[in-house]
Asks: 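Take a look at this one; I'll ask things after.
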Amino acid sequence: LESAGLVAFGQAESAEGVEEARIEFLGQKQGRLKAAQERLKTLEPAAKRGYGQRFNAVKQALEAACDGAKARLERPASLEDRGIDLTLPGHRPRLGHRHPLTQTADELIDLFGRFGFAVARGPEVEDVRHNFEALNIPPSHPARDPLDNFYLSEGTMLRSQTSTVQIRVMENQPPPVRVIAIGRVYRPDTVDATHSFMFHQIEGLMVDRGVTMADLKTVLRLFAQSYLGEDVQIRFRPSFFPFTEPSVEVDMLWHGGDRWVEMGGAGMVDPNVFRAVGYDPDEVTGFAFGLGIERLCMRRHKIDDIRLLYQNDVRFLSQF
Ligand code: FA5
């Protein structure tokens, strides 16, 4: 009786099944336990004692099995009951991350932030005054050639350099100034491994009393070592920009070590630029620089072709 009852309660798979087993074994009228109890009455007093003890033990065991079966069916099936193996390795969801150019821009902001440079912004659709005129580039200057710029309508264009933001900052605040500006610029250049028609520049501008070329070279060297590594080699070449005097171009030794690639242009802010924004060139001096972000990113990560940065091939992007 006991083992039959335990099996019945143990195998019950629904509340109805438990109830059936309860009626069969524990039912007050026709239950099998009840029948066993009836038999007790017919026994000799000597046999009654042992039988009674056994009867009570069986009764408790069956009642406990009945309660256990009810509890088991009330609680939802566990993961194991549903055949889910918790020891199997899971599927890791694929996480995206920031584009290498965005990472570069963020790092540059962080790095120049530690040198004390705040972040300034300007529009990508610019007027000719900010892109050329105030930068000491007169109407006749070849840099304004329609073949070298994306003109829009009525004196507007896609900016060809972030130097526009120098002007916007100086127009809106008195010296001293210490800012960087990061953003897209556009030029109808022929695309190759180091040129694109849309790319990014970081502009830097520092204006104060007594700023010198030595400050410019120090900042650029410190920057290159911090971003590209202590062992990076950079060199300054004399150059010309209408908005700086003197001007330099800055090269970095490319990964592979066999050639120099131009990182950017820089120089001491031309007095004419100060005059255009209402600063007094006898009071303040300043330096400015404009570096190509793609090339910095490429040199840092040993990327050989600028086009890889724009193709959005996940096999490439996921490496950074
Ligand atoms: C300028 O744009 C000046 N505005 C830089 C400057 C700022 C000089 C402040 C003085 C003071 P340049 O045209 O050389 O200079 O461009 C600067 C850098 O942008 C280049 O050295 C290069 O790193 C990057 N660059 C230029 N053209 C492209 C291009 N088509 N694709 C990718 N990067 C480019």
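Every number for a ligand or one of its atoms is a count from 1 in the order of the listing.
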Asks: Please work out which of the three classes, parallel, tilted or perpendicular, describes the rings of Phe117 and Phe112, given edges at 30° and 60°.
Replies: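 Because their plane-to-plane angle is over 60°, the rings of Phe112 and Phe117 count as perpendicular.
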Asks: Taking side-chain hydrogen bond (donor to acceptor under 3.5 Å, both in side chains) as the definition, give me every residue that meets it alongside Asp110, ordered by chain and number, with sequence neighbours left out.
Replies: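 Testing Asp110 for side-chain hydrogen bond (donor to acceptor under 3.5 Å, both in side chains), a comparison that skips the adjacent residues, returns Arg114.
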Asks: Give me the ring orientation class for Phe320 and His301: parallel if the planes are under 30° apart, tilted from 30 to 60°, perpendicular past 60°.
Replies: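 Perpendicular, since the angle between the ring planes exceeds 60°.
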Asks: Do Leu309 and Met298 touch side chain to side chain, with heavy atoms closer than 4.5 Å?
Replies: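 Side-chain contact under 4.5 Å: yes.
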Asks: Mind checking what residues have non-hydrogen atoms under 4.0 angstrom from ligand 1?
Replies: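 Shell around ligand 1 (4.0 Å, heavy atoms): Gln161, Ser163, Gln166, Arg187, Asp189, Thr194, His195, Ser196, Phe199, Gln201, Glu203, Phe241, Phe243, Thr244, Glu262, Met263, Gly264, Gly265, Ala266, Ala288, Phe289, Gly290, Gly292, Arg295, Ile306.
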Asks: Do Glu171 and Tyr279 get their side chains close enough for a donor-acceptor pair, meaning under 3.5 Å?
Replies: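 Side-chain D/A pair, Glu171 to Tyr279: absent.
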Asks: Determine whether Val165 and Val128 fall in the same hydrophobic cluster, where Ile, Leu, Val, Met, Phe, Trp and Tyr are linked whenever their side-chain heavy atoms lie under 4.5 Å apart.
Replies: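 Both belong to a single hydrophobic cluster.
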